[in-house]
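Letters go in sequence order (proteins before strands), and every chain restarts at 1.
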Amino acid sequence: MKRELVLTTSRIDEATLLEQRTMSRGMGAVVCFVGVVRVDEAGQAIAALEYETFQPMAQHQFARLFDELEKRWPVESVRLVHRLGVVPVNEPSLWVEIIAPHRGEAFAACQFLIDEMKRVVPIWKKPVAYTSLTTPQ
Amino acid sequence: MKRELVLTTSRIDEATLLEQRTMSRGMGAVVCFVGVVRVDEAGQAIAALEYETFQPMAQHQFARLFDELEKRWPVESVRLVHRLGVVPVNEPSLWVEIIAPHRGEAFAACQFLIDEMKRVVPIWKKPVAYTSLTTPQ
Amino acid sequence: MRVQIDFYSYFKDLTGCARAFAALPPGSTIADLLRHLYVRFPKLAPMQRATLIAVGVEYQKPDYMLQDGDEVALFPPVQGG
Amino acid sequence: MRVQIDFYSYFKDLTGCARAFAALPPGSTIADLLRHLYVRFPKLAPMQRATLIAVGVEYQKPDYMLQDGDEVALFPPVQGG
């Protein structure tokens, strides 16, 4: 199984990630998830979310999840990018792509990976408020 | 809910579809599915699949599914492209994108749409074999 | 009355045509039409349990009462994606 | 023995620091360390049921026996995505 994990403070560049996609001729399904920062976090309008991680543990926990994914489903490729630092509203914080022979397993693997990430991977977020100088859009 | 339906004999251009994506600041989830023609159809190596449709009925049935989607989930945008005619192995035949506030509803809506499409939308495929003149890759 | 029947996918191969017309007594249902078609296109008959039927752009059941000029479509299970 | 404790997310605000060290008797468990920390950082105590604990890069339970030099991390439920 091809694995790519990127934890980065740079903007997630979906076009480049798409260009870099490769899949063998036996693969029939690509499921891609993009998590985007919403303007309302717990009922409050925010300007951004700030993501923090404990990076060595995050990488280790992602590696364990990738192992588990590989055991459960015939996934050919998993790529995951999580942005860190300040992510403005309407920009992606998470990008996940799963390539598998069939649709069912690609959807299952993608949802499993995100669910488990939110349970065990040490990444936290806190809202960044509009300052008094900023007019909420 | 924004709706886009394209039934086309042209190649599905994911990069352009990505460029054309728009989402409002309340949206937090994009789920994208790409169905790709696999080299093995029912255990036989093929060169392509040829897709046929009964187009007015396909459009009507897709419209009904989009209505149902809108009733069930707070989806902001659904875009679906289905390629028709001969689609070579390793090229996309189906591209679906769902944009919703949250992950759960985006995944549910995307899977519902594909499942229902495969039940009611009049599109059929038949395998295109390698001819004796073509060397299987 | 007269109805048009369009065949899709491998049903065209089974019937040898993409479109046919049938003259039926008024009040005929889809079930009546099918009986007529299974005589005319015997290779369709074994497909009966895997046949989807639409009138216009909507699926209909065998008890659907046909109207003059109806456009009926007969096809095998769909396989998009 | 001496262990290092790193705090993440708002646990840093509750303790007022990102890293602390603790000297503990040999054979101490994570539960023993927590009792020590809740005295030293009383604002952490109410978070007890929402505290995740790792040693190195693996989650561990309160009965985990600590070793000299262990790097312990304490943090609230994770929220990636």
Side-chain angles (χ1 to χ4, degrees), chain B residues 5-9 12 32-38 41-42 46 48-68 80-85 87 91-97 110-128, chain C residues 2-22 29-31 33-34 36-38 40-41 43-81:
Chain B
L5 172 66
V6 179
L7 304 174
T8 176
T9 55
I12 295 175
C32 188
F33 174 77
V34 191
V36 176
V37 176
R38 299 169 67 216
E41 179 74 9
I46 59 166
L49 285 175
E50 184 171 3
Y51 288 90
E52 174 193 358
T53 190
F54 169 18
Q55 188 143 343
M57 183 170 175
Q59 283 172 324
H60 176 73
Q61 295 293 329
F62 269 126
R64 286 180 63 139
L65 293 181
F66 291 172
D67 289 345
E68 186 64 28
L80 187 149
V81 184
H82 202 304
R83 189 164 165 194
L84 301 171
V87 185
E91 290 190 17
S93 53
L94 173 66
W95 183 93
V96 185
E97 181 200 70
C110 189
Q111 289 175 284
F112 166 85
L113 182 55
I114 302 167
D115 287 345
E116 288 298 294
M117 178 196 80
K118 285 175 178 279
R119 209 174 58 81
V120 301
V121 175
I123 297 176
W124 305 272
K125 61 188 175 194
K126 65 175 179 196
V128 178
Chain C
R2 187 167 177 269
V3 298
Q4 171 183 311
I5 309 105
D6 287 302
F7 303 106
Y8 290 95
S9 182
Y10 60 83
F11 279 20
K12 286 189 297 238
D13 303 320
L14 296 176
T15 61
C17 66
R19 179 170 291 176
F21 294 91
T29 62
I30 286 176
L33 172 64
L34 288 177
H36 165 91
L37 291 173
Y38 291 155
R40 198 160 143 200
F41 304 111
K43 286 181 184 164
L44 268 190
M47 300 295 137
Q48 183 157 13
R49 297 177 67 176
T51 296
L52 300 178
I53 303 149
V55 178
V57 294
E58 295 285 5
Y59 287 100
Q60 298 297 351
K61 294 193 172 146
D63 63 356
Y64 178 87
M65 199 162 301
L66 292 164
Q67 303 290 320
D68 185 49
D70 270 350
E71 297 180 357
V72 181
L74 257 67
F75 46 81
V78 305
Q79 310 161 287

Determine which donor-acceptor pairs between chain C and chain B fall under 3.5 Å and list them with their distances.
residue: C:Ser9; atom: N; partner: B:Glu52; partner atom: OE1; Å: 3.1
residue: C:Ser9; atom: N; partner: B:Glu52; partner atom: OE2; Å: 3.3
residue: C:Lys12; atom: NZ; partner: B:Glu52; partner atom: OE1; Å: 3.4
residue: C:Lys12; atom: NZ; partner: B:Glu52; partner atom: OE2; Å: 2.5
residue: C:Val57; atom: O; partner: B:Gln61; partner atom: NE2; Å: 2.9
residue: C:Glu58; atom: OE1; partner: B:Arg64; partner atom: NH1; Å: 2.4
residue: C:Glu58; atom: OE2; partner: B:His60; partner atom: NE2; Å: 2.6
residue: C:Glu58; atom: OE2; partner: B:Arg64; partner atom: NH1; Å: 3.2
residue: C:Tyr59; atom: OH; partner: B:Val120; partner atom: O; Å: 2.5
residue: C:Pro76; atom: O; partner: B:Trp124; partner atom: NE1; Å: 3.0
residue: C:Gln79; atom: N; partner: B:Ile123; partner atom: O; Å: 2.7
residue: C:Gln79; atom: OE1; partner: B:Lys125; partner atom: N; Å: 3.2
residue: C:Gly80; atom: N; partner: B:Ile123; partner atom: O; Å: 3.4
residue: C:Gly80; atom: O; partner: B:Lys118; partner atom: NZ; Å: 2.9
residue: C:Gly81; atom: N; partner: B:His82; partner atom: NE2; Å: 2.8
residue: C:Gly81; atom: O; partner: B:Tyr51; partner atom: OH; Å: 2.5
residue: C:Gly81; atom: O; partner: B:Ser93; partner atom: OG; Å: 3.3

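- Shown here are the side chain to side chain contact (heavy atoms under 4.5 Å, CB included) partners of B:Pro56, two or more places apart in sequence or in another chain: B:Phe54, C:Val57.
- Residue C:Leu74 holds its CG atom at 9.5 Å from OG1 of C:Thr15, rounded to the nearest 0.5 Å.
- Residues forming a side chain to side chain contact (heavy atoms under 4.5 Å, CB included) with C:Pro62 (at least two apart in sequence, or on another chain): C:Ala31.
- Scored by the ring pair (Phe, Tyr, Trp, His ring centres under 6.0 Å) test, C:Phe41 finds C:Phe7 as partners (sequence neighbours excluded).
- Once rounded to the nearest 0.5 Å, the distance linking CG of B:Leu65 with CD1 of B:Ile114 reads 11.5 Å.
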Next item on the list: Could you walk me through whether C:Leu33 and C:Ile5 pass the side chain to side chain contact (heavy atoms under 4.5 Å, CB included) test, one step at a time?
Entry: CA-CA 10 Å; C:Leu33 172 64; C:Ile5 309 105; 4.0 Å; yes
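- The two residues C:Met47 and C:Leu14 come nearest to each other via the heavy atoms CG-CD1, 3.6 Å.
- Interface residue B:Val120: backbone and side-chain heavy atoms are both found under 4.5 Å from chain C.
- B:Ile123 touches chain C through backbone and side chain together, each having a heavy atom under 4.5 Å away.
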